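These notes are about the structure you will find just below.
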Amino acid sequence: MTARTVLEIGTLGGYSTIWLARALPADGRLITLEYEAKHADVARENIQRAGLSTEVDIRVGAALDTLPVLAEEDQGPFDLIFIDADKPNNPHYFEWALKLARPGTLIVADNVIRDGAVIDAKSADPSVQGVRQFLELLDHDTRVTATAIQTVGSKGYDGFVLALVTDTDTR
Ligand SMILES: C[S@@+](CC[C@H](N)C(=O)[O-])C[C@H]1O[C@@H](n2cnc3c(N)ncnc32)[C@H](O)[C@@H]1O
């Protein structure tokens, strides 16, 4: 896909931000949301070193506070939305992603397998429960076609969700 507008939830040091921003066309833009000011500072420096400061807009604060601001500013719809912040809030981020999407938007969400812990319905881990609720929403929501893909690497196994928005009508 040729994404011109990208929204990222969860910046950390800007690693994924830089990869995403490098793939933008000349008129592309990326907004990334980060809770921790110190992470945002590191990301800003890395993004500047990568020569991408013009394309990237970092918003500092809890994403559940900054997402409504993006909606008020009419920043959407985004072509690609990457969810990679605090996993307990994934169900809320999914709802916001849909509000800021259009039919054809791709939603990507990281860390949805969690070394297999995600199959444990009784898990006391709020991140596991957040991911489980998110996957349930994807299963039932007729506005998306989605799948989860497992990955194996040196850090163990995990995976990501790919959800294609097919309809944005509110239900
Ligand atoms: C997994 S890291 C992001 C990694 C980054 N996307 C990458 O791949 O390079 C998650 C980030 O989300 C941030 N975060 C946690 N809770 C948040 C919230 N409520 N709102 C916005 N960002 C949050 C954390 O501070 C952390 O920097």
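Counting starts at 1 for both ligands and their atoms, in listed order. What you are looking at is a predicted structure, and each value in this text was computed from that prediction instead of being measured.
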State the atoms of ligand 1, each with its element, that fall below the 4.0 Å cut-off from a heavy-atom position in Gly61. 20 (N), 21 (C)
Between Thr17 and Glu8, does the side chain to side chain donor-acceptor pair (under 3.5 Å) criterion hold? Intermediate values first, please. CA-CA 7 Å; Thr17 317; Glu8 177 181 63; 2.6 Å; yes
Flag the pair Asp141 and Arg143 as a salt bridge only when some basic side-chain nitrogen lies within less than 4.0 angstrom of an acidic carboxylate oxygen. yes
CG of Leu33 to OH of Tyr93: how many Å apart, nearest 0.5 Å? 8.5 Å
Ala85 versus ligand 1: do any nitrogen or oxygen atoms come within less than 3.5 Å of each other? no
Pull out every atom of ligand 1 sitting under 4.0 Å from any heavy atom of His39, numbered as shown with elements. 25 (O), 27 (O)
With atoms numbered from 1 as shown, which atoms in ligand 1 lie under 4.0 angstrom from a non-hydrogen atom of Ala63? 18 (C), 19 (N), 20 (N), 21 (C)
Location of contacts on Leu64 toward ligand 1, heavy atoms closer than 4.0 Å: neither
Short question: side chain of Glu34, backbone of Leu12 - any donor-acceptor pair under 3.5 Å? yes
Specify the protein heavy atom at minimum distance from atom 17 (C) of ligand 1: its residue, its atom name, and the distance to 0.1 Å. Asp86 OD1, 3.4 Å
Any side-chain heavy atom of Thr105 sitting closer than 4.5 Å to one from Arg102? yes
Could you check which of Glu36, His92, Glu34 puts a non-hydrogen atom nearest to atom 26 (C) of ligand 1? Glu34
What protein heavy atom lies closest to atom 23 (C) of ligand 1? Include the residue and the distance to one decimal. Tyr35 CB, 3.5 Å
Value rounded to 0.5 Å, distance of CG in Leu80 from CG in Leu106: 5.5 Å
Could you grab the distance from atom CG of Leu138 to atom CD of Glu136, nearest 0.5 Å is fine? 10.0 Å
Closer than 4.0 Å to some heavy atom of Tyr93 - which atoms of ligand 1 meet that? 18 (C), 19 (N), 20 (N)
I need the contact type for Trp19 against ligand 1. Using non-hydrogen atoms and a strict under-4.0 Å cut-off, is it side chain, backbone, both or neither? neither
Can you sort out which atoms of ligand 1 are near Ala62, meaning under 4.0 Å from one of its heavy atoms? 20 (N)
Numbering the atoms of ligand 1 from 1, which are under 4.0 Å from a heavy atom of Gly10? 3 (C), 5 (C), 6 (N), 11 (C), 12 (O)
Quick one: do the Asp158 and Thr151 side chains pair a donor with an acceptor below 3.5 Å? no
Do any nitrogen or oxygen atoms of Leu12 lie less than 3.5 angstrom from nitrogen or oxygen atoms of ligand 1? yes
Ser16 N/O to ligand 1 N/O under 3.5 Å: yes
If we number the atoms of ligand 1 from 1 as shown, the ones under 4.0 Å from a heavy atom of Thr11 are 5 (C)
Measure the CG-CZ distance between Leu7 and Phe78 for me, rounded to the nearest 0.5 Å. 4.5 Å
salt_bridge(Arg59, Glu73) N-O dist < 4.0 Å: yes
So, are Arg44 and Asp41 salt-bridged, with charged N and O less than 4.0 Å apart? yes
Less than 4.0 Å is my threshold; does some heavy atom of Gly13 fall inside it relative to ligand 1? no
Run down the list Ile83, Leu20, Asp84 and name the one with the heavy atom closest to atom 1 (C) of ligand 1. Asp84
